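Take a look at the structure set out below.
For clarity, every value in this text was computed on a predicted model and none was experimentally measured. Sequence lines set the chain letters: A, B, ... in the order given, protein chains first and strands last, and positions in each chain run from 1.
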2 protein chains.
Amino acid sequence: MPKLGMEPIRRAALVKAAIAEIGETGTLDVTVSQIAKRAGMSSALAHHYFGGKEQIFLAAMRHTLAVYSAEVRGALGMATSPLARVEAVVKSSFSHMNFRQDVVAAWLNFYVLAQTSEEAKRLLNVYQLRLRRTLGHALRPLVGDRAPAVAARIAALIDGIYLEQSLGYQPASSEGAFDLIMDYVALEVDRGCSA
Amino acid sequence: MPKLGMEPIRRAALVKAAIAEIGETGTLDVTVSQIAKRAGMSSALAHHYFGGKEQIFLAAMRHTLAVYSAEVRGALGMATSPLARVEAVVKSSFSHMNFRQDVVAAWLNFYVLAQTSEEAKRLLNVYQLRLRRTLGHALRPLVGDRAPAVAARIAALIDGIYLEQSLGYQPASSEGAFDLIMDYVALEVDRGCSA
DNA sequence: TTTTCTTGATTGACGAGTCAATAAAAAACA
DNA sequence: TGTTTTTTATTGACTCGTCAATCAAGAAAA
């Protein structure tokens, strides 16, 4: 059976299966066997390609982060105004690709993983910083010096909405989440008439 | 040795130890033995009083929720204005009692627990709904019909800040978190001069 | 025949939950 | 009062299952 160049295919399958499995179980408490089985191979092969469970998780995390980043970059590329840039970032955060039940569950568990894995913590920090930086730049023309504070608030809102979504009661729609945040942004942009 | 009426003492010790252990490990992946040892007893006794690991977790969660609720209630009791009521809720969320490293880690893991335990999910929902209701009532005199939306945003901000705090980089100060949210509230209260 | 894939079987560790047995207080009793 | 019995508290030792990680061996390309 062995076909050549299987490594990248197997790795991708395992990463995808890991996210699906974490999403379905809601926990990092999934066995390598479960992941491997879902990916259509033996657990031994999973160990062969990744070395260990944690490294599968980290790869899944990098993948999730990469998908998100790519979507943000793509959306930013089409934005022509500062406000559109903010909208691009926010909209990407709640796109069908990223706001799915299993992906949200994976995010939640990555935060837990970051409690014990330095590498996971590093990855999450890269994400956090980049999000703030991107939002901050986009906001500068709109709110001036308040940009960092507004960016921090938007980031916290995104994380908070993800957390609520993870509970899965009445799944907040992507549009609802988007509006919730952009209404706040509008408020910040419109300020300046009272002070 | 056996002294009578140990049950409540043991249960309290186990709950406290569970939170500390979860906080230190950052995971629900703690053994009953670890918790029991920290609480100064054998693992058999922990099983005797609680029946199983999950029930220890749920008790720890109820305790965390109860401490938080008590603090909110206390702070609300001293508030005389609507704005003071909002401040009371927000300030309680970031008090020394509730914003501690281990307690925040426990919260994070309770969200994970809620993925698999119906009871945990129920408890978190009670918390979410009560928080929104309390904030909504306090906000009504300040922002009128926008109260539910503003309450939802505040709730998301609180959760998001907790999530960031769980990463433990440069621990956001309680005051910083408080200001971050109350600045937003002020913005909502001041609105109405542009539309 | 060398390299790349692949797995079944195994190992070794760990941990949840059970149980029988001990110890001390309290209650019942003589 | 002194003695027995019952209740409450407590644990060491054990069972049973699970799972990460390893390895030797097989199968198919190159």
Side-chain angles (χ1 to χ4, degrees), chain A residues 1-22 24-61 109-110 112-113 115-120, chain B residues 1-22 24-61 109-110 112-113 115-120:
Chain A
M1 284 186 200
K3 294 167 187 169
L4 285 232
M6 290 306 289
E7 176 152 359
I9 298 172
R10 295 300 197 187
R11 291 180 87 100
L14 283 168
V15 161
K16 192 177 161 195
I19 294 170
E21 201 69 29
I22 292 172
E24 199 163 288
T25 315
T27 311
L28 292 179
D29 248 318
V30 291
T31 69
V32 175
S33 294
Q34 285 170 348
I35 296 173
K37 184 174 184 183
R38 184 182 283 255
M41 72 194 82
S42 73
S43 71
L45 199 52
H47 275 102
H48 173 66
Y49 281 126
F50 275 102
K53 187 154 79 152
E54 177 163 332
Q55 287 170 269
I56 300 179
F57 287 159
L58 289 174
M61 193 164 159
N109 280 285
F110 290 156
V112 173
L113 186 61
Q115 306 287 310
T116 52
S117 158
E118 275 310 311
E119 175 66 2
Chain B
M1 285 186 203
K3 294 169 186 169
L4 284 233
M6 290 308 286
E7 177 151 358
I9 297 172
R10 293 303 196 188
R11 290 180 88 100
L14 282 168
V15 161
K16 192 178 161 194
I19 294 171
E21 201 69 29
I22 293 172
E24 199 163 286
T25 314
T27 312
L28 292 179
D29 248 318
V30 290
T31 70
V32 175
S33 294
Q34 285 170 348
I35 297 173
K37 184 174 182 183
R38 185 182 281 255
M41 72 194 82
S42 72
S43 71
L45 198 53
H47 276 102
H48 174 65
Y49 281 125
F50 274 102
K53 186 154 80 152
E54 176 163 333
Q55 288 171 268
I56 299 179
F57 287 158
L58 289 174
M61 193 165 158
N109 280 286
F110 290 156
V112 173
L113 186 60
Q115 307 285 311
T116 52
S117 158
E118 276 310 312
E119 175 67 1

Checklist outcome for this item: Whole-Å distance, A:Lys37 NZ to C:dG8 P, equals 12 Å

Checklist entry - Is it true that a side-chain atom of B:Thr116 and a backbone atom of B:Leu113 form a donor plus acceptor pair closer than 3.5 Å? => result yes

Checklist entry - Within this structure, what is the OH-to-P distance between A:Tyr49 and C:dT7, rounded to whole angstrom? => result 10 Å

Next on the checklist: Between P on C:dA16 and CG on B:Leu45, what's the gap in Å once rounded to a whole number?
Outcome noted: 16 Å

Item to check | Between C1' of C:dA23 and CE of B:Met6, the distance in whole Å | outcome: 14 Å

Checklist outcome for this item: From NZ of A:Lys53 across to P of D:dT18 the rounded distance in Å is 15 Å

Checklist entry - Under 3.5 Å, side chain of A:Lys53 to main-chain N/O of A:Val30, donor-acceptor pair present? => result yes

Checklist entry - Given D:dA20, C:dA16, C:dT7, which nucleotide is nearest the side-chain atoms of B:Thr31? => result C:dA16

Checklist entry - Where the side chain of A:Leu4 is concerned, which of D:dA9, D:dA29, C:dC19 is the nearest nucleotide? => result D:dA29

Next on the checklist: With each end axis built from five pairs of C1' atoms, what bend angle do you get for the helix from C:dT1-D:dA30 to C:dA30-D:dT1? Round to 10°.
Outcome noted: 10°

Checklist entry - Rounded to the Å, how far apart are A:His47 NE2 and C:dA9 P? => result 18 Å

Next on the checklist: Between C1' on D:dT10 and CZ on B:Arg11, what's the gap in Å once rounded to a whole number?
Outcome noted: 16 Å

Checklist entry - Counting side-chain heavy atoms from C-beta on, which of D:dT10, D:dA20, C:dT7 comes nearest to A:Ser42? => result C:dT7

Checklist entry - With respect to the side chain of B:Arg10, which nucleotide from C:dT18, D:dT10, D:dA20 is positioned closest? => result D:dT10

Next on the checklist: Rounding to an integer number of Å, can you tell me how far A:Ile9 CD1 sits from C:dT6 C1'?
Outcome noted: 14 Å

